[in-house]
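This report refers to the structure that appears directly beneath it.
Below, read A as the first sequence line, B as the second, and so on, with proteins coming before strands; counting in each chain starts at 1. Values below: every heavy atom of this structure, side chains too, minus hydrogens, waters and symmetry copies.
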There are 2 protein chains.
Amino acid sequence: MPRETLTKDQIIRTAVELLDSEGIEGLSMRQLGTRLNSAATAVYWHVKSKDDLLVLAADAVWEEIELPDLKEVTWQAAATAMAKGLFAMILRHPWLVPAMSTHLLYGLGKARHDDHLLAVYQAAGFTGRDVEQAMKTVFTFVLGTALGVASEAAWRARLRHTGGDEQAQIRDLVAQATEIAMRFPRLRAHSAAQEDDGPSPSPDKELEFGLRTILNGLQSELGTRPS
Amino acid sequence: MPRETLTKDQIIRTAVELLDSEGIEGLSMRQLGTRLNSAATAVYWHVKSKDDLLVLAADAVWEEIELPDLKEVTWQAAATAMAKGLFAMILRHPWLVPAMSTHLLYGLGKARHDDHLLAVYQAAGFTGRDVEQAMKTVFTFVLGTALGVASEAAWRARLRHTGGDEQAQIRDLVAQATEIAMRFPRLRAHSAAQEDDGPSPSPDKELEFGLRTILNGLQSELGTRPS
DNA sequence: CCGACGACTTGCACAGTGTTCAAGTGGGAG
DNA sequence: CTCCCACTTGAACACTGTGCAAGTCGTCGG
């Protein structure tokens, strides 16, 4: 039988795990090496570079997204399902946001997702350039929302990595940020009023609110065009 | 007269310049040092850490955004102006996107912007939680759109940095990406159809399309609420 | 005018990074 | 048994952020 050896697949899986637990700055070839019980440089036989590996890892996670069946539901339901699936995936892998913002990401996984997304908006009745515009509007909105959440995950991971009392550091940072905001009377009044309204809405609620209004807007855009 | 010495301001300005021209990975303390004609470690007297400096630089650029006067225009016009101002600012400083996705950014500049943004949506008639939801919907959409454009700037900068023929590398990457996409019949057909429609819309057009539909959606959301 | 203090700068050092490369290892084929 | 080749290894290089002891140089008290 063949000797136990690294596989590209195993490397990518381990890279994703490492990224999930340590954030994008936590991915180092040597750390990856120890997790794989091999020398750091062994990875270079299977993969061109760290950037290459990151692109591979980033593409792998797109496969996790479930694609809704188009025949059974309205286009709004399908678009919502796609958006929520993407959003949830990014929350599981917050490092994807910094990765997207510095690398050109592509691959089978992403193409599979994009293909289905295209189908959804074509089925909705958008034509020509509009189908791309509509798609992108929703897609980028999800990305923007994910950015906020991913950001928090990222700087928490960063603080964890620098050592010291993480909780205290977070308190300091947040205190500093709010101290500055409170110098603006309007912001102060607003934040006081918000406290009376109970806890602020979860990211999922934010996503739902935005999706609803965007899809409404798209629907009326659709109305002004002949089918 | 006092001896010529570094100032925090000068450091931040130079850091922004360096970030603009080299991207976020191009910001190194030693490079910054040479641009300042000083030792890299001299900066550490004025600034706690590189992360600290990045937060300062990131906050500085928010000051560039012009805040529209609220008395003269409809809320949609004001919201559009804010969104376009933010978008243009990010295009001038694409490193802000990766910075936002890994650091907790705050400061006077951002607070100033947020304060005015709040004013816009309050004046529009949103109340309670809705004002934040509406604000965030537009804001995150702009961020998402900016992410796409900033990403391209970032990986171009990255390629430039690794040396070699940048143009050729770009061609290779794009070719690889489209090769994969073309395996999906629907994507292939769509991209062929797009070519007949002339050049794809500029990022600004994308932004305008999305803004229009989102603001429409928000307007009708506003209609269902009592003022 | 002088000495001392303190604001600021410097160079060195350390641990860590991605990556290259010559040298090694071991299983399967002839 | 031998050779080859897929795969692994460790050393090395240039680079990173940062701590620290030492140095420089204006200003101020005597």
Can you see which heavy atom on Pro203(B) is nearest to which on Phe87(B), and at what distance? CB-CZ, 4.1 Å
Closest approach of Glu206(A) to Phe141(A) (non-hydrogen atoms, all atoms of both residues): O-CZ, 4.2 Å
By the 4.0 Å heavy-atom rule, please label Leu27(B) as base, sugar-phosphate, or nothing. sugar-phosphate
Tell me whether Glu64(A) at atom CD has more than 12 heavy atoms from other residues, nucleotides or ligands lying less than 6.0 Å away. yes
Greater than 12 external heavy atoms within 6.0 Å of Lys110(B)'s NZ: yes
What is the distance, to the nearest angstrom, from the [atom1] atom on [X] to the [atom2] atom on [N]?
X: Gln31(B); N: dC15(D); atom1: CD; atom2: C1'; answer: 12 Å
X: Glu22(A); N: dT17(C); atom1: CD; atom2: P; answer: 12 Å
X: His103(B); N: dG17(D); atom1: NE2; atom2: P; answer: 12 Å
X: Glu25(A); N: dG17(D); atom1: CD; atom2: P; answer: 12 Å
X: Met29(A); N: dT9(D); atom1: CE; atom2: P; answer: 14 Å

Along nucleotides 6-13 of chain C, 5' to 3', which nucleotides get a B, which get an S, and which get a -, given that the test is a protein heavy-atom distance under 4.0 Å? -BBBBBBB
Check: Gln31(B)/Glu22(B) side-chain N/O donor and acceptor closer than 3.5 Å: no
For the pair Arg156(B) and Glu152(B), find out whether any cationic side-chain nitrogen is under 4.0 Å from an anionic carboxylate oxygen. yes
Contacts of type ring-ring contact (aromatic ring centres under 6.0 Å, His included), residue His46(B), not counting sequence neighbours: none
I need the residues from residues 9-17 of chain A with at least one non-hydrogen atom less than 4.0 Å from DNA chain D; give them sorted by number, or say none. none
When you measure from every atom of DNA chain C, which of residues 47-57 of chain B have a heavy atom less than 4.0 Å away? none
Partners passing side chain to side chain contact (heavy atoms under 4.5 Å, CB included) against Leu104(A) (at least two apart in sequence or in another chain): Tyr106(A), Trp155(B), Leu173(B)
Just to verify, what does Arg112(A) make a side chain to side chain donor-acceptor pair (under 3.5 Å) with, not counting sequence neighbours? none
Check for a donor-acceptor pair, side chain of Lys50(A) on one end and backbone N or O of Leu27(A) on the other, with a separation under 3.5 Å. yes
Show your reasoning for whether side chain to side chain contact (heavy atoms under 4.5 Å, CB included) applies to Gln176(B) and Glu179(B). CA-CA 5 Å; Gln176(B) 247 179 96; Glu179(B) 188 277 322; 5.7 Å; no
